[in-house]
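Since the structure comes first, as structure tokens, the remarks are kept for the end.
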Amino acid sequence: EVRPAALQARLADLYKVPGANLIVTRGSSEAIDALIRAWCRAYASSVITTPPTFDMYRVYAEIQGAAIIHVPLAADDFRLDADTVLSSCAADTRLVFLCSPNNPTGTLVPEADILRIADGLDGRAIVVVDEAYIEFAERESIADAALGRNNVVVLRTLSKAYALAGARCGVAIAAEPLIDVMSKVLPPYSFPTPVVETVLEALSPKRLSASRATVDEIIRERTRVRSALDALPCVNNTWPSDANFVLARFADLPGVVAYLRSRGILIRDFGDTDGLRSCARITIGAAAENDALLDALDAFGGSG
Ligand SMILES: *Cc1c(COP(=O)(O)O)cnc(C)c1O
């Protein structure tokens with residue numbers, strides 16, 4: 001098959017959108033790459049990103065030779081300023097990447113802000129809403145609103161809530177004219193049959209309800225872990241999260257990272273990233289794993 005029809009039908013059902021409004025990609029990463037290749041010309045186009053955020057927008061923009069306009073999130077609470085995004089859009093800007101919930105801050109972009117940006121850029125640029133973590137959020141996908149517009153693309157993936165990153169499967173959801181353009185730049189015959197079988201099996205009713213139970217547990221645990229972190233002397237700050245991780249600022253980040261590693265626990269060090277000084281992203285696991293992390297941080301002790 002040129003495009004995997006069975007997967008497309010199954011994923012349209014999963015994400016509750018018409019099949020014609022969805023295209024299957026090898027993870028959302030391939031969708032990001034395809035969008036940039038479809039709409040950006042080398043050395044003649046730009047994209048907007050809102051750091052600190054997912055690094056792949058930058059990686060694929062650089063591969064294509066697209067310039068990157070940075071509109072940083074607020075330093076204290078990582079809120080996005082819709083007006084600054086709108087005023088930063090240049091004549092050559094083709095795509096605006098909004099990650100909601102944002103990796104690695106966990107921040108959800110309010111739906112009203114996303115739609116205000118999209119409507120403000122109608123006819124000028126496409127807003128890409130990366131919803132890799134939306135299953136962990138208190139809000140539904142923005143897909144319905146996207147389908148009523150000609151310049152919004154929503155990205156979903158099986159890599160996070162379905163723990164299927166190795167299968168490389170995601171989708172882009174958008175109005176048909178946008179899907180048609182993406183279908184022209186995505187390579188044909190790119191889904192191996194074993195991948196199709198693995199994904200369909202992972203979306204069987206039994207496996208699906210197990211995934212949903214895991215997501216519910218992670219959401220419950222996220223609240224518990226965050227309050228426990230806030231009570232530890234080595235933690236200076238945490239932020240509310242709508243994803244399967246919590247961002248925390250430590251008094252002694254290198255010390256904490258090294259100590260946890262010595263006990264077999266890995267957290268993602270963002271200390272070198274602009275806007276994330278002394279911060280790490282802590283992925284929420286099952287209760288026992290989270291307890292191991294909290295015990296270790298307790299044993300690490302003081303404020304540095
Ligand atoms: C993990 C992730 C993705 C994509 O992962 P794929 O495995 O390529 O689907 C996309 N966006 C964000 C923000 C992510 O964290």
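If you read the sequence from its start, that first residue is 1, and numbering goes on from there. Both counts, for ligands and for their atoms, begin at 1 and track the order of listing.
The atoms of ligand 1 that sit less than 4.0 Å from any heavy atom of Gly27 are 6 (P), 8 (O), 9 (O). Residue contact check: Cys99 has heavy atoms under 4.0 Å from atoms 13 (C) of ligand 1. Below 4.0 Å from some heavy atom of Lys160 lie the following atoms of ligand 1, by number and element: 1 (C), 2 (C), 3 (C), 14 (C), 15 (O). Taking a cut-off of under 4.0 Å to the non-hydrogen atoms of Arg168, the atoms of ligand 1 that pass are 6 (P), 7 (O), 8 (O).
Partners of Arg37 by side-chain hydrogen bond (donor to acceptor under 3.5 Å, both in side chains), not counting sequence neighbours, listed by chain and number: Asp33.
Look at Glu135 and Arg156 and you find a salt bridge, because one of the NZ, NE, NH1 or NH2 atoms lies within 4.0 Å of a carboxylate O, short of that distance. The existence of a salt bridge linking Arg224 and Glu221 is confirmed by a sub-4.0 Å separation between a basic side-chain nitrogen and an acidic carboxylate oxygen.
At most 12 non-hydrogen atoms from other residues, nucleotides or ligands lie less than 6.0 angstrom from CZ of Arg261.
Between the side chain of Ser100 and the main chain of Val109, a donor-acceptor pair closer than 3.5 Å is present.
Counting protein heavy atoms only, atom 8 (O) of ligand 1 is closest to Ser29 OG, 2.5 Å. In terms of protein heavy-atom proximity, atom 11 (N) of ligand 1 is nearest to Asp130 OD2, 2.6 Å.
If you look at Ala132 next to ligand 1, the close heavy atoms, those under 4.0 Å, all belong to the side chain.
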